[in-house]
Amino acid sequence: MGKRLNLSYSQIMMVMTVTTIIIFSYLFFNNLQPFTGISVGETSESHTYVITHLHRLGWGKAVGLSEGDLIVSINDTPPSQHETIIRKMKVEQVDTLTIERDDRQLSYRVRYVPDIFLQYFFYLLLPSVYFLISIFFVYINLKRKDTGLSMLLITLTMFIISVAYNASSLQIKLYPIAELILIISFLMAPSLFFHFVYQFFKERRAVWFSWWMVQSLYLFSAVTIVFALFVYDQLAVNDLILPAFSISVFWILVQMITGLTQLKKESDKDTLYGLFYAIGLGVLPYIFFYIIPYFVLGEGIIPFEYVNVFFFFIPMGLMYMILTNQLYLLRVQIKKLPYYLILSTFLSAVITLLHLMLFESSFQFRKEFSLFSYTLIIILGLFFAKKQLEHYFKPQLFVSANDFQASYYRFSTQLQTHHTRGDVIQSFVREIKEVIPLEHFKVLKHRSMTMPHIKTHRLPDRYIPLLNFYVNQRLVVGRLNGRFGLYAIPINNYKGELFIFFFQPKQVLNQEQLNYVTTLVQFVDLALKNRTKIEDLLEELEQAKHHDNMEWLSRLLFEWSELERKQLALDLHDTFLQDLIVLKRDLESLRKSNRSRTEEYKAMEERMQDIIFDMRETTRHLYPTILDEVGLLEAIKELIEKFELQCNSKLYLDTNLEPSFYQSRFIQLLVYRAVQELLTNANKHAKASKVNLTIKHEQTGIKIDYKDDGVGVDLKKQSSDGVHHLGLFALNERIKSFKGTFEFESTVGKGVTVHIYIPYS
């Protein structure tokens with residue numbers, strides 16, 4: 001008797017993963033060969049073929065082949081001997097191709113060309129991403145040790161869908177093995193998912209359908225696969241698998257809808273809702289926009305490459321539900337789908353009818369149905385986008401009385417933009433006015449923690465009853481004092497100065513409104529206290545700046561300075577520069593319309609262009625955005641180009657920096673500023689004929705060596721640091737703040753030498 005092999009679910013999952021990786025590797029590497037997309041037809045002459053159709057994403061269309069071109073040879077053999085022509089009357093799996101056009105023969109090597117990028121995107125990149133998501137799903141489950149039978153089944157389902165996705169991209173190139181893999185995986189996926197649903201709810205003792213239904217679907221899939229394997233070479237693959245797939249999916253969705261009516265526990269319903277919409281959003285667009293139109297119209301309304309993207313709903317939805325077990329938020333969102341779908345369908349139908357009445361003389365079903373489908377998808381997407389935009393911007397843009405939650409959100413976001421105590425208090429008063437109708441209000445500064453006296457209150461007479469009632473009573477920040485329809489609440493105490501908000505509402509406040517006012521005051525007090533601490537810290541830092549060994553402080557101030565420069569650069573670019581560009585365009589149009597002042601307007605345009613150029617240079621100097629755009633090496637090369645345009649000196653650069661060089665943003669910025677300062681000094685003061693600049697990336701840091709043959713400097717006549725005269729003092733301080741070294745050497749008539757070292761850590 002042989003020994004029985006017992007494997008745990010984790011081991012089975014690993015075997016499945018390895019097997020899937022092997023299959024994926026085969027599909028991936030064969031997919032590297034371009035899809036030619038050439039269909040042919042036989043002419044009246046035997047064994048002679050001409051191109052009858054070119055696929056929109058195929059290599060043939062990209063390189064300029066035309067319908068009617070005569071196929072002379074494929075891979076240096078007659079076309080009548082090529083396998084894909086014999087089987088399907090298509091030209092695939094090609095290395096070389098020779099055609100005849102206008103009595104001329106043209107030969108091609110079938111290779112990647114930039115014009116077929118979309119082919120690789122849809123046939124190679126997206127299927128690979130889908131496969132990686134499936135692998136990540138397995139990794140997460142193994143880490144969580146969630147490897148029960150239901151998890152094993154859903155993992156296998158995702159692998160099968162991933163294999164089908166990859167195989168569908170290869171089967172169009174007519175690889176027989178890919179066609180067989182596609183048939184098996186595409187038809188088995190629904191049965192495996194249905195088995196998962198059964199097992200998942202069985203483990204929770206909430207299954208509502210019997211095991212024989214799962215067995216029946218497995219049997220249906222197996223029979224269809226066997227039939228397809230016998231006749232697949234005589235029929236198109238789509239004609240075999242698409243009907244069976246649609247039947248299986250509809251059967252599953254019917255059973256899931258039944259479950260929504262029969263399940264008792266809300267948590268089970270939530271899970272089923274999530275599964276229903278994850279699968280529905282993944283496969284229903286495929287059925288309605290590709291499969292049904294394929295059999296009715298002969299081709300899909302949306303190409304299958306685009307419809308396949310909907311399959312990403314399946315792994316993302318399943319990962320969200322199974323790994324986080326947070327279904328409630330998902331359910332709230334997906335319940336909006338039917339409502340949005342009804343509105344989108346109505347609007348799409350109206351737009352389609354208007355298009356038919358206004359722009360079409362005859363009804364063409366395929367064209368109008370395509371317009372309806374695309375419009376439906378766009379409007380549905382806009383509805384969900386609108387919902388998200390309202391979520392983020394409505395609380396900030398719209399005010400409604402007694403909408404306290406929106407007020408809290410709006411006020412908290414406004415606090416982030418206020419920089420002074422006065423701004424915070426004004427924002428607080430404005431928020432109170434917008435939410436609670438006020439008859440009168442006033443903010444009073446008071447140098448005591450007791451209620452102001454009547455004689456010194458500086459308040460309107462309407463507040464006298466309130467002051468009399470609370471005379472000499474000690475005030476507490478955030479505690480509301482109210483009588484006779486009048487209220488006073490201390491907002492903040494700053495250096496012995498108490499800010500008190502007095503107000504009279506138009507109506508007596510209820511408890512909810514009173515709580516709102518006191519909560520908002522707590523926000524204000526907390527914000528102002530934090531600002532006070534920051535101001536005190538800045539004051540201490542300013543004092544500490546004069547002590548020794550404060551490299552960390554110099555570095556901190558340098559980083560703050562660069563952040564401020566960046567913000568200023570962005571502000572200049574987004575305001576003045578844009579306005580100047582618009583003004584220049586207006587001047588251009590004015591010049592064209594008024595010939596009598598052409599020269600004057602032309603001069604104004606030139607001045608405006610100079611301003612725009614100066615503004616761009618200023619923003620670039622304030623913060624070198626080119627660092628973020630192209631990297632350090634290209635940014636330095638741009639500095640050198642500008643230097644050579646502005647200066648007669650010849651610059652020689654020696655560097656081992658690569659375009660991919662990357663360190664922290666501040667390290668790169670410091671290197672850039674160092675080179676910028678050195679070149680600025682050379683341009684303004686050196687008067688050199690030759691400048692040598694060496695930038696070396698080492699294991700622990702970056703080394704910059706500068707040398708020119710200019711006029712040099714008499715260091716004995718300069719300040720003790722020896723560099724202040726040259727404007728390099730700030731650079732010296734910056735480098736020291738990063739614990740780097742800065743060495744400056746110079747002799748009159750013999751130029752300047754600078755050695756800089758900036759450590760990475």
Side-chain angles (χ1 to χ4, degrees), residues 130 157-158 160-169 171-172 178-198 209 213-232 234-260 272 275-315 317-318 337-338 341 345 365-366 369-370 372-373 376-377:
Y130 197 102
T157 302
M158 290 183 63
I160 288 292
I161 296 174
S162 174
V163 168
Y165 196 171
N166 282 273
S168 67
S169 301
Q171 68 87 21
I172 62 173
E179 293 176 339
L180 296 175
I181 292 174
L182 176 62
I183 291 172
I184 296 171
S185 58
F186 201 72
L187 294 177
M188 282 301 298
S191 301
L192 285 168
F193 176 76
F194 195 45
H195 189 176
F196 156 74
V197 173
Y198 175 84
F209 57 93
M213 293 184 179
V214 180
Q215 293 175 309
S216 299
L217 192 59
Y218 270 123
L219 181 61
F220 173 74
S221 299
V223 170
T224 309
I225 290 171
V226 172
F227 174 75
L229 294 178
F230 275 106
V231 300
Y232 84 95
Q234 287 76 41
L235 297 173
V237 173
N238 284 344
D239 295 339
L240 292 169
I241 65 176
L242 296 185
F245 178 79
S246 302
I247 293 171
S248 299
V249 169
F250 276 118
W251 172 251
I252 294 171
L253 293 178
V254 167
Q255 296 304 320
M256 295 178 77
I257 293 172
T258 304
L260 293 175
L272 190 56
L275 293 172
F276 180 84
Y277 280 101
I279 297 301
L281 291 174
V283 300
L284 288 181
Y286 190 85
I287 292 173
F288 286 110
F289 296 127
Y290 184 76
I291 295 179
I292 294 176
Y294 175 83
F295 289 105
V296 176
L297 305 175
E299 61 178 327
I301 295 172
I302 301 177
F304 89 94
E305 297 91 353
Y306 302 151
V307 180
N308 281 350
V309 176
F310 285 97
F311 279 122
F312 278 87
F313 280 108
I314 298 174
L318 293 176
L337 181 61
L341 190 59
T345 302
F365 177 78
R366 180 175 173 277
F369 192 67
S370 298
F372 172 81
S373 302
L376 177 66
I377 294 173

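For the numbers below, each heavy atom of this structure counts, side chains included, while hydrogens, waters and symmetry mates do not. Since we're looking at a predicted model, the values are computed, not measured.
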Minimum-distance pair of heavy atoms, taken over all atoms of Met188 and Ser221: SD-CB, 4.2 Å

Gln255 versus Phe209, closest heavy-atom pair with distance: OE1-CB, 4.1 Å

Heavy-atom pair of closest approach, residues Ile183 and Ile241: CG1-CG2, 3.9 Å

Smallest separation among heavy atoms of Ser185 and Ile160, with atom names: O-CG2, 3.0 Å

Minimum-distance pair of heavy atoms, taken over all atoms of Tyr130 and Met158: CE2-O, 4.2 Å

Side chains of Ile184 and Val163 in contact at under 4.5 Å (non-hydrogen atoms): no

Value rounded to 0.5 Å, distance of CD in Gln215 from CZ in Phe194: 11.5 Å

Asn166 side, atom CG; Ile181 side, atom CD1 - distance, nearest 0.5 Å: 9.5 Å

Distance in Å, Leu242 CG paired with Ile291 CD1, rounded so as to fall on 0.5 Å steps: 4.5 Å

Worked verdict on Ile161 versus Phe193 for side-chain contact (heavy atoms from CB on, under 4.5 Å): CA-CA 10 Å; Ile161 296 174; Phe193 176 76; over 6 Å; no

Pair Tyr218-Leu192, side-chain contact (heavy atoms from CB on, under 4.5 Å): steps then yes or no: CA-CA 8 Å; Tyr218 270 123; Leu192 285 168; 3.4 Å; yes

Check: Thr224 and Ile247 side chains under 4.5 Å, non-hydrogen atoms: no

Distance (rounded to the nearest 0.5 Å) between Leu253 CG and Ser248 OG: 11.0 Å

Exercise: identify the closest heavy-atom pair between Leu182 and Gln171: CD2-CG, 3.3 Å

Contact check, side chains of Met213 and Trp251, non-hydrogen atoms, under 4.5 Å: yes

